[in-house]
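Read through the structure below, which is laid out as structure tokens, and then see the notes.
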Amino acid sequence: MNLSSPTIHASKGAATRELILARALEIADEKGLDALTIGMLAEAAGMSKSGVFAHFGSREDLQLAVLDAAARIFADEVFVPALRQRRGLPRLQAILAGWTQRTLRYGAYRGCPIGAAVLEFDNAPGPVRDRVIGYIRHLLSDLARAVRLAVDQGHLRRDVDPDQIAFEIHGLMLAFQFEVKLSGTASAVERVEAGIARLLDALVTEGAAKPAP
């Protein structure tokens, strides 16, 4: 008679998968998504290739899982905390502050697998590229929604184009990430704070509170 519980086996399997995925994220952060292989991950996790294959049936499945995990972590660190702030400009500012702090935590030697994959898979059609495009579009949509809420609350001018501002914010934050890696934290923070202030100052409605420095 088998007394073991299927639920226990399932939970152990899920826990093992999450541990493998966490190690895969570290490798992708350091080396890029395209450098991640089943063999490299198996060695880093102290497992056999077959053990990793039991959780990720192919290298492509592994890469997709890493992208999904990276997107969840980004949302948890940047967008979810911002929801505690009042709708409008305070929430938009919280998103930018959270994104800035996340970039600084990662520092000069780690990156974002999704951002890296944009360059790695830009000319490689397939499921990984499609997933990357989907997440970038989702990010821009979330940023535009935050801008639109600030317009609706009367914090930003009525003639603001949320999609355009989302594009500019995305570009500014990408430049910030590059500056962190190339010139160091002090210079990068100075640049991004000046860029955010200049962008939002130009959008705030007359009489509305100016963005905090």
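Values below: every heavy atom of this structure, side chains too, minus hydrogens, waters and symmetry copies.
- The local environment of CD in Glu190 is sparse, with at most 12 non-hydrogen atoms from other residues, nucleotides or ligands closer than 6.0 Å.
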Item to complete: Before giving the answer on side-chain contact (heavy atoms from CB on, under 4.5 Å), spell out for Arg23 and Leu19 the whole-Å C-alpha distance, their side-chain angles and the decisive distance to 0.1 Å.
Response: CA-CA 6 Å; Arg23 191 67 188 97; Leu19 288 173; over 6 Å; no

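- The shortest distance between side-chain heavy atoms of Phe56 and Gln63 does not fall below 4.5 Å.
- In this structure, Thr100 contributes its side chain and Leu96 its backbone to a donor-acceptor pair below 3.5 Å.
- Atom CZ of Arg137 has 12 or fewer heavy atoms from other residues, nucleotides or ligands within 6.0 Å.
- Between the CD1 atom of Ile169 and the CG atom of Leu174 there is a distance of 12.0 Å, given to the nearest 0.5 Å.
- Of the possible donor and acceptor atoms, one in the side chain of Arg157 sits under 3.5 Å from a partner among the backbone N and O of Ala202.
- Both Leu172 and Val160 are assigned to one and the same hydrophobic cluster, defined by single-linkage of ILVMFWY side chains at heavy-atom distances under 4.5 Å.
- Closest approach of Pro90 and Arg86 over heavy atoms only: CB-O, 3.7 Å.
- With a 4.5 Å cut-off on side-chain heavy atoms, Asp61 and Phe53 do not count as touching.
- Considering CG of Leu89 and CG of Leu203, their distance stands at 9.0 Å, rounded to 0.5 Å.
- From Arg17, atom CZ reaches atom CG of Leu21 across 6.0 Å, with rounding to the nearest 0.5 Å.
- Of the inter-residue distances, the one linking Met40 atom CE with Thr37 atom OG1 reads 4.5 Å to the nearest 0.5 angstrom.
- Contact annotation: the side chain of Ile133 never approaches that of Phe121 to less than 4.5 Å [non-hydrogen atoms, C-beta and beyond].
- Contact record, Glu179 with Ala188: CG-CA, 3.4 Å, taken as the closest heavy-atom pair.
- The side chain to side chain contact (heavy atoms under 4.5 Å, CB included) test applied to Arg158 returns Val151, Asp152, not counting sequence neighbours.
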Worksheet item: Lys31 and Leu36: side-chain contact (heavy atoms from CB on, under 4.5 Å), yes or no, with the steps?
Response: CA-CA 8 Å; Lys31 302 179 183 297; Leu36 182 62; over 6 Å; no

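- At least one side-chain heavy atom of Met47 sits less than 4.5 Å from a side-chain heavy atom of Ile20.
- Put simply, the side chain of Asp68 reaches to within 4.5 Å of the side chain of Arg131, judged on heavy atoms.
- Summarising the geometry of Leu67 relative to Ala117, their closest heavy-atom pair is CD2-CB, 4.3 Å, with the distance given to 0.1 Å.
- Counting only distance, with no hydrogens or angles, the side chain of Glu120 and the backbone of Leu33 share a donor-acceptor pair below 3.5 Å.
- No continuous path of hydrophobic side-chain contacts links Leu149 to Leu140 [ILVMFWY only; heavy atoms under 4.5 Å].
- What you find for Pro113 and Asp29 is that their closest heavy atoms are CD-OD1, 3.0 Å.
- When all heavy atoms of Ala24 and Leu41 are compared, the closest pair comes out as N-CD1, 3.6 Å.
- Arg191 CZ: 12 or fewer foreign heavy atoms inside a 6.0 Å radius.
- Two residues are said to be in side-chain contact when any heavy atoms from C-beta on lie closer than 4.5 Å; Ser141 and Arg145 meet this criterion.
- Leu143 places none of its side-chain heavy atoms less than 4.5 Å from the side chain of Val147.
- Side-chain atoms of Thr205 come within 3.5 Å of backbone atoms of Gly154 as a donor-acceptor pair (strictly under, hydrogens ignored).
- Of all the heavy atoms in Val128 and Leu64, the pair that sits closest is CA-CD2, 3.8 Å.
- Interatomic distance, Arg105 CZ to Gln101 CD, rounded to the nearest 0.5 Å: 7.0 Å.
- Within the 3.5 Å criterion, the main-chain N or O of Pro162 finds no donor-acceptor partner in the side chain of Arg148.
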_Walk me through whether Asp34 and Arg59 qualify under salt bridge (Lys or Arg N to Asp or Glu O under 4.0 Å)._
CA-CA 10 Å; Asp34 198 33; Arg59 180 169 179 250; 3.4 Å; yes

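- For Arg102 and Tyr106, the positive end sits near the middle of the six-membered ring, less than 6.0 Å away and at most 45° from its axis.
- Heavy-atom contacts from other residues, nucleotides or ligands closer than 6.0 Å to CD of Glu43 number 12 or fewer.
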* To do: Go through the steps to decide whether Thr103 and Val180 satisfy the test side-chain contact (heavy atoms from CB on, under 4.5 Å), and finish with yes or no.
  => CA-CA 8 Å; Thr103 301; Val180 167; 4.1 Å; yes

| Would His170 and Leu139 count as a side-chain contact (heavy atoms from CB on, under 4.5 Å) if you check the C-alpha gap in whole Å, the side-chain angles of each, and the deciding distance to 0.1 Å? | CA-CA 9 Å; His170 188 223; Leu139 170 61; 3.8 Å; yes

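- Note that the CG atom of Asp161 and the CD atom of Glu168 stand 9.0 Å from one another [nearest 0.5 Å].
- Looking at residues two or more places apart in sequence or on another chain, you find a ring-ring contact (aromatic ring centres under 6.0 Å, His included) between Phe74 and Trp99.
- Within the 3.5 Å criterion, the main-chain N or O of Gln85 finds a donor-acceptor partner in the side chain of Arg91.
- The shortest distance between side-chain heavy atoms of Ile73 and Leu25 falls below 4.5 Å.
- Side-chain atoms of His155 never come within 3.5 Å of backbone atoms of Gly88 as a donor-acceptor pair (strictly under, hydrogens ignored).
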